[in-house]
Structure formats: structure tokens, C-alpha cells
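Okay, structure first, notes after.
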Amino acid sequence: MRTNRAIRTPGGLSLRLDVRATVVVALILLAALTASVVLIGTGDFPIPAGDVLRTLLGNGNAGQEFIVNELRLPRVLVGLLVGASLGLGGALFQAISRNPLGSPDVLGLSQGATAGALTMIVLFSGSAEQVTTGALVGGLVTGLGIYLLAWRQGVHGYRLVLVGIGVSAIVTAVNGYLLTRSTLTEASQAVVWMTGSLSGRDWTQVWPLLWLCAILVPLVLANGRGLRMMEMGDDVSNALGVRVERVRLLLLVAAVLLTAAATAAAGPVSFVALTAPQLARRLTRSPGPNLLPSLCMGATLLVTADWTSQKVFGADQLPVGVVTGVLGGVYLLWLLVTERRAGRI
């Protein structure tokens, strides 16, 4: 039985609070912060968690401040922001398409961003900044192409997924062709980027992601009510006063921007956008898109995967995208077995 609380403000506004979902979000945030502190202290020069906290508060020695603030904190912040962006973007795509497989990995946005990055690496021998820009542009162009191809008096869920799968196959073939045109050095650089990694991330990747999230996250959450109503169907949503196509387009653009920016910052980290909303929904047991829980779950998954990579294989030995791919594959297998036992597939 669900427990909901109604909160009223002196100004006359009211808010219905799902107690279980609120507790779950708080616990996930605590897990993300704990994993972040532990991750900052992990590396060739281990730092105890207490010293990490003291250094973050400005009470560490010179060596600790350099290691924490200049080397490790930016990487962790990029991981949190990338995971949060992918988790929220995945929740938006799954809610709009009304399909649990409607994630950037399946719809081809990650592949589009990869194509943009490969174009800069192979054809223009671009710098790190140019590769990042290419990935962002590639993701945006792919998202626009999917939307236009799926448009037919509106964009509907299954058509969006089918068009996305087709575009993904085409862009994957383009990526393969670009790799065949590359030199050995370019191919090595491209493969590392395509795997998804947080290695070498610094403050130049933190600030653009932070500003983008600061703009898009409140915008998305403000339209969460309309998105939830849209799950009842376009006709019902229109009758309830939701401008369906405007809300859908706005949230699709936000999801594409979040996914493209995350991919540009860390490469196509697989399965986070697909898995985070599913795990969040299972924990909250709440209907609807679960936007905030998915955001928090994505951040937690990515920093935990990065800590696992460093703890098991050493710093920078295994890209975080490999770990998320393995964990995501295991989760999908478990989900398929569970659904089959329940007789739903």
C-alpha cells in the first residue's frame, strides 16, 4: 500500500509527496555521495575518506589538495553529471516512446555522437575539444533526423523506436567505414573513445555539463506532470489541457541534448540510460516516468562502475564503459529470465 502526503504552502500551492519515492531518492543520493568520496580516495596514492572530506572542505595539506581538487574531483564530477544526464535522458525516451527499450543506446543517438567524434578524429585529426564538439553535433543531428523521419501528424512511441533502430544500423555502418579509413593511431584513439571512459577528464568537461544540467533538469522536471499524463494517451492528455506535441518536442530536445552532451564528455557509455530508469522504477514502485529517481540512479551507477573498474583493475586499466556494459548485460539477462518466468514473454 502506497503512502502519499499532501503538502500545502501558504501561497495556496499543493504538492502530493510519495513517501517511498522520496526515501528511495534520498538513499540513492547518499549512495552516490558515498561512492564519490570513496572514488576520490582511490588510486595510486590512496587517501582515507576522512582526509578526502577534510580536503574538500579546504583543510587538507598541499599534496592532498592537488590530488583531490585538480586530479580526481573533476573526474568524479564528470562521472556524476554524465550518469545523471544519461539516467534522465533514458527516462525521457522510455516515457515518450512508452517502451522500456526506448533508450539512446537503442535509438541511435549514442551512435550518432560516435559518428561525429569519429569524423573529427579520422577526417580532420581533431583535438580533444574538436572531438567533443563533433560528438555533440553528431548526436544533435541524429536526434533531429530521427524526429523528422518519425513525424507523421505527431511522433508516436513505436514509430520512434523503429525509426531509431533503423537509423542506429545506418550510423553504425558509417562508423565502421570511418574506422577503415583511419590510421593505426587514429583507430586506437577512436576505439578508446568509443568504449566510454572517464580517464583524463578535467574541469573543462565539468563546467559545460554543469551549466547544461542546471538549465535542462529544472525544465524537464517542470514538465513532468504533462509527461505523466501523456502516458494515458494523446487524446486524454489533450482533453486534460496538455499541449502534447509541444511538451513531447520540448522533452525530446532536452533528452537529445542531455545524451549528446554526456556522450561528448565521456564517450558512449553503454546501458546506463537503459538500466537506470528501470532500476529506479523497481525501487520506487511508483508509476510514471520517475525522472528524479532515474537521474540519481544514473549518477550512482556510473560512479560505482568507475570505482569498481579502478578497484579491480587499477586506475585507467579498464574504461568505465566496459564495466557498465557487463553490468547492463547481466541486468538485461536477469530481466528477460524474470519476465519469462512471469509469463510475459
Side-chain angles (χ1 to χ4, degrees), residues 24-25 27-32 34-36 38-39 42 76 78-80 82-95 97 99-111 114 161 164-165 168 172 191-199 259 262-263 266-286 289-290 293-345:
V24 168
V25 168
L27 292 175
I28 296 173
L29 280 175
L30 179 61
T34 303
S36 299
V38 174
L39 179 57
T42 302
V76 172
V78 170
L80 288 171
V82 167
S85 299
L86 291 175
L88 182 57
L92 288 173
F93 278 118
Q94 291 178 20
S97 65
N99 191 317
L101 294 178
S103 77
D105 302 319
V106 177
L107 296 181
L109 291 174
S110 298
Q111 291 83 350
T114 301
V161 173
I165 291 174
S168 176
T172 300
V191 169
V192 171
W193 191 92
M194 291 169 63
T195 304
S197 175
L198 296 175
S199 176
T259 303
T263 305
V269 180
S270 59
F271 280 112
V272 173
L274 179 66
T275 306
Q278 299 296 318
L279 291 176
R281 188 174 294 113
R282 288 176 177 274
L283 289 176
T284 62
R285 299 178 185 174
S286 176
N290 284 274
S294 299
L295 180 152
C296 298
M297 180 60 73
T300 304
L301 284 177
L302 196 54
V303 294
T304 303
D306 194 31
W307 175 82
T308 302
S309 172
Q310 293 195 42
K311 193 68 176 178
V312 177
F313 299 95
D316 303 330
Q317 295 298 314
L318 187 69
V320 68
V322 176
V323 179
T324 60
V326 171
L327 295 178
V330 171
Y331 171 77
L332 279 181
L333 289 175
W334 174 83
L335 182 62
L336 290 172
V337 171
T338 303
E339 294 291 306
R340 182 176 181 181
R341 287 178 177 175
R344 288 188 283 266
I345 59 175

Closest heavy-atom contact between [X] and [Y]?
{"X": "Gly89", "Y": "Thr259", "answer": "CA-OG1, 4.3 Å"}
{"X": "Ser294", "Y": "Pro289", "answer": "OG-O, 3.9 Å"}
{"X": "Val320", "Y": "Ser197", "answer": "CG1-CA, 4.1 Å"}
{"X": "Thr42", "Y": "Gln310", "answer": "O-OE1, 3.8 Å"}
{"X": "Val191", "Y": "Thr195", "answer": "O-OG1, 2.8 Å"}
{"X": "Ala299", "Y": "Leu80", "answer": "CB-O, 3.5 Å"}

Are [X] and [Y] packed together at the side-chain level, in the sense that at least one heavy-atom pair is separated by less than 4.5 angstrom?
{"X": "Val106", "Y": "Phe93", "answer": "no"}
{"X": "Leu301", "Y": "Leu86", "answer": "no"}
{"X": "Lys311", "Y": "Val38", "answer": "no"}
{"X": "Leu107", "Y": "Val161", "answer": "yes"}

Drop me the distance from [X]'s [atom1] to [Y]'s [atom2], to the nearest 0.5 angstrom.
{"X": "Leu29", "Y": "Ser36", "atom1": "CG", "atom2": "OG", "answer": "10.5 Å"}
{"X": "Leu327", "Y": "Thr308", "atom1": "CG", "atom2": "OG1", "answer": "7.0 Å"}
{"X": "Arg285", "Y": "Asn290", "atom1": "CZ", "atom2": "CG", "answer": "13.0 Å"}
{"X": "Met297", "Y": "Leu295", "atom1": "CE", "atom2": "CG", "answer": "11.5 Å"}

Between the side chain of [X] and the main-chain N/O of [Y], is any donor-acceptor distance below 3.5 Å?
{"X": "Gln94", "Y": "Leu274", "result": "yes"}
{"X": "Thr300", "Y": "Ile28", "result": "yes"}
{"X": "Thr114", "Y": "Ser110", "result": "yes"}

Item checked: Option from Val272, Thr263, Leu109 for which side chain to side chain contact (heavy atoms under 4.5 Å, CB included) with Pro104 holds ->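 Considering Val272, Thr263, Leu109, a side chain to side chain contact (heavy atoms under 4.5 Å, CB included) with Pro104 is found only for Leu109.
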
Next item on the list: Show the numbers, then the answer: is there a side chain to side chain donor-acceptor pair (under 3.5 Å) between Gln111 and Thr172?
Entry: CA-CA 6 Å; Gln111 291 83 350; Thr172 300; 4.5 Å; no

